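Residue numbering restarts at 1 for every chain, and letters A, B, ... go by the order of the sequence lines. This one's a predicted model, so the numbers in the text were calculated from it and none came from an experiment.
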Amino acid sequence: MPEYDHQEIELKWHDRWKNDPDLYASDAQPGRQRYYVVEMLPYPSGHLHMGHVRNYSIGDALARYMWMRGYDVLHPMGWDAFGLPAENAALKRGRDPREWTIENIAVMKQQMIRMGFAYDWKREFATCEPEYYRWNQWFFLKMLERGLAYRKQALLNWCPECGTVLANEQVVNGCCWRHETTPVEQRALDQWFLKITDYAGELLDDTYERLEGGWPERVLTMQRNWIGRSEGAELDFGLERGGTVRVFTTRVDTIYGATCVILAPEHPLVEGMHAPDLKERVKAMIDSRARKEPSDLVKEGAFTGEYAINPYSRERVPIWIGNFVLMSYGTGAIMAVPAHDQRDFEFCKQYGIEIRPVIRPVDGELPDVSKMSEAYGDYGITENTGQWSGLPSALAKREMTEFAEQNGFGKAATTYRIKDWGISRQRYWGTPIPVIHCEACGIVPVPENQLPVVLPANVKITGKGRSPLENVPEFLNVDCPKCGGKGRRETDTMDTFVDSSWYFYRYCDARNDAAPFDRAKAGQWFPIDQYIGGVTHAILHLIYSRFWTKVMRDMGLIENSEPARNLFTQGMVLKDGTAMSKSKGNVVDPEDMVDKYGADTCRLFVLFAAPPEKDMEWQESAVGGQRRFLERVYRLVTGAAERVHGEADNPTPEDRRALRKLHQTVRKVTGDFDNRWHFNTSIAALMELVNELYEVKDGMTAASRPVVLDDLTLLLAPFAPYMAQELWEQLGHEGPVFRHQWPTFDEELAKEEAAEIPVQVNGKLRARISAPFGTTAAELERLALAEPKVQSFVAGKQVVKVIVVPDKLVNIVVK
RNA sequence: GCCCGGGUGGCGAAAUCGGCAGACGCAACGGACUUAAAAUCCGUUUUCCGGCAACGGGAGUGUGGGUUCAAGUCCCACCCCGGGCACCA
């Protein structure tokens, strides 16, 4: 009896497959159905961990299944050059980040091949390649032309000790990650932004219209909260010193209760105000908030000494500055209605500002100020609100907004929480932003035929100053493309989320050097049928890539409005309760596991241990079970395949049992693939099949054995491709097993000979009866009542009702 | 605070449409084979009560109520765990 030797089998097929570049290559054939599956690309830390293996095992099983269902499947692989970690890790090792990344990508590619993942390597590319930079830059220029890219001053985290800009994730407890006692400051620098807010409405609406059903509700909710639409009005309060200040509110109906106006500390009006100590207090508020200190949850304010005029009541109200008012939301200024907004209530209470209720509950009185302990935030009926008194809130809002529009001091407005996407990074790593600053012409785009602007080699990364590129004169100094005068290249590089926003389009046409991709080719594959990745990207990546898709659609490059029809978020693989990560030192190296147990066992295990959307704790002790299962399969198929006896037209009871279980298993596994991807139950079903086959194998004849062994092998192919391929060959077949047709099942053959029907008395199981399928309700009732055990529970009682679910259950209700 | 998930044996889990709770596997224990071990195969394993036993009976899916002939599954309230957002006017 041959023993299962995973080293030998996996090496054999690995060697054959690696010499066949077309093995997994897919070109869409006319008239055939297509399936495009993409896993989120990995960050090249140099090693896969079990989390990756799980991610790709899911997508790979799906791709192989779809192939077997006769689809043309595109299952490509690309590589993400995730900026900050790559640069930091390279720095630590004193390496050039580009070389470091490319080396790691090569290592990871070998690991992926060894795991037997079915990727179309012809379409491989890395987002740190100059060719990819070129198209990032091309997109940037197109967006600049369309007014979707712009430059403005923004506050950045700055560590005075390092003298450098910090990314948000480098700020730890309000301090620099390298200098843990140096508080981070805010510095105003010019930054590039993409106008994602132009698409905020569509991005939000499509979470209902185009994504509902195909994306996890959890992700859609997170995106909706992130985009955060609120509808209200913008209103101008007159300034006593002249001019106006614009506030945003969702509750115009409460404006008669506004007892002050509060500005964000960063509000431009603050510049011109001169109350004593005001500048210092404002600066302190800004820095404190940047550091996200816990004390920021305590409200703090400063009176500016100035007053504004309520446009409805003409009342004069003081202007304050408040640390809880955000410059980035609405207009950066609010009217405070302490009686009807909890935050305003707390603020005004603290500073002794008047609290004035103007809304009463529909069936109640105006709140009594002396007894109020919190604001009344619900809708109600307006009172003491001039000509709008006595109206329900909703109506008052509408009429008062109209009044503002007619009188030119305001308008209905929709505000979003989402902000424009700041793509500038002051780092070496990333796509250079392709503009030139000319002394005479200002900002000049790099002409398209001069793309790509590439990163210079031999850059010294000192960790000081703004960008390492500023210290490279050959890169920095350039002639203005417009006037030929002295110019200075932009040294900001792009956020690497730009790369990941459209990489899956490049797969369709990875070698195109005339365009990012061909329109027709993208049209063949998009939208992605199935996108698979971790929930960690629910917000940033998955909103940016949706935005990018909509921009490309408006540019006429594609027709789809959303990148992916279906999104699947797989759970994390945990070790000791937390996500595996190198820094925590709790990674499990798949290479060790593959050496020890084999790639098939590893893949089977990560799919079997838990349903794929759930987090799972890594437990090596459980891996042995999967290994044993594969050994059992191997022995069963290779052992049984040799021995053929009996006649095909003379099936034994064992043949019938084997075939019945086979058809049940095909039905189960097919259903799991088509409906819910609970591969743990698919694999459990395969185990049941194998257990049953061990019981009946000695009685099986040619009537069942060939089809049973073939189909078992085919069912195994999406989960354990090496094993399946080896068995496929040993069973006398040729060609890749995953191109063979998926087995079909017959409901009739899957049926048990008789139904085992539980009989309950008052809902409690008392007996089981066996009856042929399709037995009538009346007959089942008679059989159930005739059962001795049932009779002992029914005796002496009155049968009130008998519920019969044919082929399923009998329940006798007695009193 | 708000919004999502989730809570089932010693462990990972299953029960897909309201119909036999614990499939499948891990671990543990017992047995067969073996000089022995490994491997393999067979069996037991939610819990309590009664019984030498076959078996019989009760309880049981975070807690408390409810709907129903029937609830892990539906409804109401609460507790706990995980995640996201967090002064968004």
Any strand counts, and the cut-off is 3.5 Å on both contacts for Watson-Crick or G-U wobble. Which nucleotide pairs with B/rA36?
none
Output the single nucleotide from B/rA89, B/rC3, B/rU40 whose closest atom is nearest the side chain of A/Glu631.
B/rU40
Taking pairing as Watson-Crick or G-U wobble with both contacts under 3.5 Å, can you name the mate of B/rA77, or confirm there isn't one?
B/rU63
Residue pair A/Gln664 / A/Glu688, side-chain donor-acceptor N/O under 3.5 Å
no
Can you tell me if A/Gln342 and A/Glu346 form a side-chain donor-acceptor pair at under 3.5 Å?
yes
Name the pairing partner of B/rA71, where a pair is Watson-Crick or G-U wobble with both distances under 3.5 Å, or state none.
none
Side-chain contact check for A/Tyr329: nearest option of B/rU16, B/rG57, B/rA89 is B/rA89
With the 90 degree cut-off around zero defining syn, does B/rG9 come out syn or anti?
syn
In whole Å, what separates the P atom of B/rU44 from that of B/rC26?
16 Å
What's A/Lys419 touching, base or sugar-phosphate or nothing? Going by heavy atoms closer than 4.0 Å.
nothing
Across the strands shown, which category fits A/Arg224 at heavy-atom distances under 4.0 angstrom: base, sugar-phosphate, nothing?
nothing
Position toward the 5' end of RNA chain B (nearest nucleotide), A/Arg229 or A/Glu756:
A/Glu756
For the residue pair A/Arg627 / A/Thr601, report whether a side-chain donor-acceptor contact shorter than 3.5 Å exists.
no
With a 3.5 Å cut-off and no angle check, do the side chains of A/Arg417 and A/Asn225 form a donor-acceptor pair?
no
Under 3.5 Å for both donor-acceptor distances, Watson-Crick or wobble: does B/rG22 have a partner, and if so which one?
none
Determine the interatomic distance between P on B/rU73 and the same-named atom on B/rG7; round to the nearest Å.
11 Å
Looking at the rings of A/Phe324 and A/Phe347, which for Trp means the six-membered one, are their centres under 6.0 Å apart?
yes
Using the P atom in both, what is the distance from B/rA59 to B/rA71, to the nearest Å?
12 Å
So, are A/Lys661 and A/Glu752 salt-bridged, with charged N and O less than 4.0 Å apart?
no
B/rG82: pairing nucleotide in any strand, Watson-Crick or G-U under 3.5 angstrom:
B/rC4
A/Gly625 near the nucleic acid: base, sugar-phosphate alone, or nothing, with a heavy-atom cut-off under 4.0 Å?
sugar-phosphate
Give me the distance, rounded to whole Å, that separates B/rU46 from B/rG25 when you measure between the P atoms they each carry.
15 Å
Which base sits across from B/rC29 as a Watson-Crick or G-U pair, both distances under 3.5 Å?
B/rG43
Pairs under 3.5 Å (N/O, protein and nucleotides 7-14 of chain B):
{"from": "B/rC11", "atom 1": "O2'", "to": "A/Gln619", "atom 2": "NE2", "distance (Å)": "3.4"}
{"from": "B/rG12", "atom 1": "O2'", "to": "A/Ala609", "atom 2": "O", "distance (Å)": "2.6"}
{"from": "B/rA13", "atom 1": "OP1", "to": "A/Lys614", "atom 2": "NZ", "distance (Å)": "3.2"}
{"from": "B/rA13", "atom 1": "O3'", "to": "A/Asn680", "atom 2": "ND2", "distance (Å)": "3.4"}
{"from": "B/rA14", "atom 1": "OP1", "to": "A/Asn680", "atom 2": "ND2", "distance (Å)": "2.9"}

If we ignore angles and hydrogens, is there a donor and acceptor under 3.5 Å between the side chains of A/Arg546 and A/Gln223?
yes
Pick the C1' atom in B/rC75 and in B/rA86, then give their distance to the nearest Å.
31 Å
Answer with base, sugar-phosphate or nothing: what part of the nucleic acid does A/Gln342 contact at a heavy-atom distance below 4.0 Å?
nothing
Could you tell me whether B/rC17 is syn or anti, where syn means a glycosidic angle within 90 degrees of zero?
syn
When the P atoms of B/rG22 and B/rG72 are considered, how many whole Å apart are they?
12 Å
Measure the distance from CZ on A/Arg627 to P on B/rG25 and round it to the nearest whole Å.
17 Å
Can you identify which nucleotide, out of B/rA89, B/rG25, B/rA59, has its nearest atom closest to the A/Phe248 side chain?
B/rA89
Give one of base, sugar-phosphate or nothing for A/Val325, where a contact means two heavy atoms less than 4.0 Å apart.
base
Check whether the ring centres of A/Tyr544 and A/Tyr199 lie less than 6.0 Å apart, and answer yes or no.
no
Would you say A/Asn691 places a side-chain N or O within less than 4.0 Å of OP1 or OP2 belonging to B/rA23?
no
Just say parallel, tilted or perpendicular for the rings of A/Tyr312 and A/Tyr256, cut-offs at 30° and 60°.
tilted
Could you give the CG-to-P distance, from A/Leu809 to B/rU68, as a whole number of Å?
19 Å
For nucleotides 28-33 of chain B, 5' to 3', base contacts (B), sugar-phosphate-only contacts (S) and non-contacts (-) with protein non-hydrogen atoms under 4.0 Å give ------
Given atom CG of A/Leu630 and atom P of B/rG25, what is their separation to the nearest angstrom?
13 Å
Select base, sugar-phosphate, or nothing to describe what A/Asn762 touches, counting heavy atoms under 4.0 Å on all strands.
nothing
Length of the CG-P vector between A/Leu220 and B/rG5, whole Å:
11 Å
Measuring only between side-chain heavy atoms, which start at C-beta, is A/Arg246 closer than 4.5 Å to A/Thr331?
yes
Will you find, in the side chains of A/Thr681 and A/Arg676, an N or O donor that is under 3.5 Å from an N or O acceptor?
yes
Which whole number of Å gives the distance between the C1' atom of B/rC4 and that of B/rU8?
22 Å
Does A/Arg628 make a side-chain N or O approach to OP1 or OP2 of B/rC26 shorter than 4.0 Å?
yes
Rounded to the nearest Å, what distance is computed from the CD atom of residue A/Glu346 to the P atom of nucleotide B/rA89?
16 Å
Roughly how many Å apart are B/rG62 and B/rC80, using the P atom of each and rounding to a whole number?
16 Å
May I ask you to say what A/Arg632 touches in the nucleic acid, namely base, sugar-phosphate or nothing, with a heavy-atom cut-off under 4.0 Å?
sugar-phosphate
In this structure, is the centre-to-centre distance between the rings of A/Trp618 and A/Phe605 below 6.0 Å?
yes
When A/Gly332 and A/Met222 are each assigned the nearest nucleotide of RNA chain B, the 5'-most assignment goes to A/Met222
Ignoring hydrogens and angles, answer whether the base of B/rC69 and the side-chain atoms of A/Asn811 contain a donor-acceptor pair closer than 3.5 Å.
yes
Can you confirm whether or not the ring centre of A/Phe409 sits under 6.0 Å from the ring centre of A/Phe237?
no
With ring centroids as reference points, do A/Trp421 and A/Phe497 lie under 6.0 angstrom apart?
no
For A/Lys808 and B/rG19, is the shortest distance between a side-chain N/O and OP1 or OP2 below 4.0 Å?
no
Base, sugar-phosphate, or nothing for A/Lys789, non-hydrogen atoms under 4.0 angstrom?
sugar-phosphate
Of the listed B/rC69, B/rC3, B/rA89, the closest approach to the A/Asn225 side chain comes from B/rC3
B/rA39, OP1 or OP2 - any side-chain N/O from A/Arg635 closer than 4.0 Å?
no
With heavy atoms under 4.0 Å as the rule, sort A/Phe793 into base, sugar-phosphate or nothing.
sugar-phosphate
What nucleotide, of B/rA23, B/rA86, B/rC69, holds the atom closest to the side chain of A/Ala684?
B/rA23
Would you mind reading off the distance between A/Ile321 atom CD1 and B/rA89 atom C1', rounded to a whole angstrom?
17 Å
